[in-house]
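See structure below.
For ligands, and for the atoms within them, numbers begin at 1 and follow the listed sequence.
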Amino acid sequence: MPKARKHKRKTPITTVEASARPGTRGSSNPIATRALIRRFHVLIKRRAQLEKAIEAGDGLENARKGLADVDDEIEEVGGLSAYQRMSTIGQGSDRGGGSEKVLIEWLKELGLASASLKKHTTLRLLEVGALKPDNYASCTAWIQNTPIDLRSNHPAIVEQDFLLMSEAEHREKWDIISLSLVLNFVPDAKDRGRMLRLAHTMLRPDGLLFIALPLPCILNSRYLTPEHFAGLLQIIGLSMIKSRWKEGGKMAYWLLRKTPGKSHTTDPAAYESKKVLRPGKRNNFVILL
Ligand SMILES: C[S@@+](CC[C@H](N)C(=O)[O-])C[C@H]1O[C@@H](n2cnc3c(N)ncnc32)[C@H](O)[C@@H]1O
């Protein structure tokens, strides 16, 4: 466990740009929006580290003080609700629209829309990390969406932590699960791995998992490359059927199919602790089993 660092307060994000402040309707400044999103990610990661330190009894006094400081700053920047608002604004414009467009396009390409319409059935979709209740409103004839989020900002979004959903209750229940910009929000690398395994359990045989991540998570991480990520997915029992990103782009998308058996071609030990795969000035994003 790293020592609790002396907390040096940075300039509060709320002073960066007035239009990005919590309670303000929108930001016309994408730099301020991205600054808040990035700072929020740093704060929740630090928070998770401090909570672990407290649990383990490491440097208790410093860790408690650090946690109180982090909580103060999270509150100062407007908490999860400000983060969600900035995400809606920032990512929408960064991506030219929500990632649901990519998923819908792929499902249509696979013939799933027409097959469901023909059979008069709907695909059960669990949308994890839903900022809006109606992302799939154009597909209600063939998709029955259940949007969930840690913090619901609409009555139609169920307030639920995906990591706390009952495995027994949801085993093989879902046709599709969407984790769009959610794995990178989860502060702990092992919890990210747990999230993928849980999604695998909750999908019906042949079910589909959709993942969206900011491109630097795989193209500019010390610990994760596209190939390493593909190996991890294989171990969990997810085979890649579609992927999309371009050099210089902002986002990466994957569509994965639950496979019956887990792959034994890759050594799971390679995914249990982080290893530097590319040195240099890079980010630390990683997913561990
Ligand atoms: C960056 S937003 C992404 C929203 C949207 N899916 C998109 O692609 O734009 C991440 C959302 O995931 C939610 N989230 C993170 N971890 C979660 C969990 N364990 N269970 C449910 N929602 C979660 C956060 O509360 C946040 O609203």
Side-chain angles (χ1 to χ4, degrees), residues 13 20 22 26-27 30 33-45 47-48 51 74 77-106 125-137 143 145-167 169-170 174 176-202 209-217 244-245 249-255 285 287:
I13 285 152
S27 168
T33 302
R34 276 198 287 273
L36 187 138
I37 290 171
R38 267 201 303 271
R39 186 71 191 143
F40 196 85
H41 283 165
V42 170
L43 288 170
I44 55 167
K45 196 168 166 195
R47 194 175 194 289
E51 276 185 332
I74 288 178
V77 299
L80 184 52
S81 69
Y83 169 82
Q84 287 180 324
R85 198 164 43 247
M86 292 305 124
S87 297
T88 315
I89 299 164
Q91 288 152 5
S93 55
D94 273 1
R95 288 180 276 165
S99 51
E100 69 279 357
K101 281 190 193 159
V102 179
L103 176 57
I104 293 169
E105 180 194 320
W106 281 347
L125 165 67
L126 179 66
E127 184 192 8
V128 183
L131 297 176
K132 293 195 284 164
D134 54 358
N135 285 328
Y136 294 88
I143 291 180
N145 186 25
T146 302
I148 67 165
D149 202 289
L150 288 179
R151 178 188 168 277
S152 165
N153 53 40
H154 188 278
I157 300 171
V158 181
E159 193 155 294
Q160 170 70 54
D161 183 341
F162 177 72
L163 287 169
L164 297 180
M165 285 173 86
S166 152
E167 268 193 64
E169 202 183 308
H170 290 272
W174 300 93
I176 309 164
I177 296 178
S178 163
L179 295 176
S180 169
L181 293 173
V182 176
L183 282 171
N184 57 307
F185 180 100
V186 175
D188 182 81
K190 295 246 172 193
D191 277 343
R192 294 178 194 139
R194 200 155 65 77
M195 190 168 247
L196 290 174
R197 282 192 196 271
L198 184 58
H200 180 272
T201 304
M202 287 166 51
L209 177 64
F210 176 70
I211 299 177
L213 281 173
L215 193 55
C217 289
R244 179 185 295 175
W245 74 77
K250 292 201 162 93
M251 293 287 300
Y253 306 94
W254 296 265
L255 190 62
F285 185 77
I287 303 174

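Side-chain atoms of I37 and H41, non-hydrogen and from C-beta on, do get closer than 4.5 Å to each other. Residues L125 and S178 are in side-chain contact: their nearest non-hydrogen atoms beyond the backbone lie under 4.5 Å apart. You'll find the side chain of S87 stays beyond 4.5 Å of the side chain of L181, heavy atoms only. Within the 4.5 Å cutoff, side-chain heavy atoms of L213 are placed close to those of W254. Looking at heavy atoms from C-beta onward, V158 lies out of side-chain contact with S152 at the 4.5 angstrom threshold.
Ligand 1 has no atom lying under 4.0 Å from any heavy atom of E127. Within the 4.0 Å heavy-atom shell around ligand 1 one does not find E100.
The Q84 neighbourhood of ligand 1 comprises atoms 25 (O), 27 (O), with distances under 4.0 Å to a heavy atom of that residue. Shown in contact with Q160 at under 4.0 Å from a heavy atom are these atoms of ligand 1, numbered in order with element: 20 (N), 21 (C). Of all the atoms in ligand 1, the ones that sit under 4.0 Å from a non-hydrogen atom of G129 are 4 (C), 5 (C), 6 (N), 11 (C), 12 (O), 13 (C), 22 (N). Each of the following atoms of ligand 1 lies closer than 4.0 Å to a heavy atom of V182: 12 (O), 15 (C), 16 (N). Here is the list of ligand 1 atoms found below 4.0 Å of a heavy atom in S99: 8 (O). The distance from ligand 1 to the heavy atoms of D161 drops below 4.0 Å at these ligand atoms: 18 (C), 19 (N), 20 (N).
Ring geometry, Y253 versus W106: the interplanar angle exceeds 60°, so the pair is classed perpendicular (tilted spans 30 to 60°).
When S87, S180, P187, A130 are ranked by how near their heavy atoms come to atom 3 (C) of ligand 1, first place goes to S180. When V128, L181, N184 are ranked by how near their heavy atoms come to atom 10 (C) of ligand 1, first place goes to L181.
Contacts with ligand 1 closer than 4.0 Å are made by heavy atoms of both the backbone and the side chain of F162. Under 4.0 angstrom from ligand 1, the non-hydrogen atoms of L80 all belong to its side chain. In L131, the part holding a heavy atom less than 4.0 Å from any atom of ligand 1 is the side chain.
The pair E105-K101 does not count as a salt bridge, with every side-chain nitrogen at least 4.0 angstrom from each carboxylate oxygen.
For residues 127-137, the set of pairs meeting the salt bridge (Lys or Arg N to Asp or Glu O under 4.0 Å) definition, not counting sequence neighbours, is empty.
In terms of polar-atom proximity, Y83 is not counted as a contact of ligand 1, lacking any N or O under 3.5 Å from an N or O of the ligand. Between D149 and ligand 1, an N or O atom pair is found at a separation short of 3.5 Å.
Although no hydrogens or angles enter the test, the distance criterion places a donor-acceptor pair under 3.5 Å between the side chain of Q84 and the main chain of R151.
The side chain to side chain donor-acceptor pair (under 3.5 Å) search around D161 returns none, not counting sequence neighbours.
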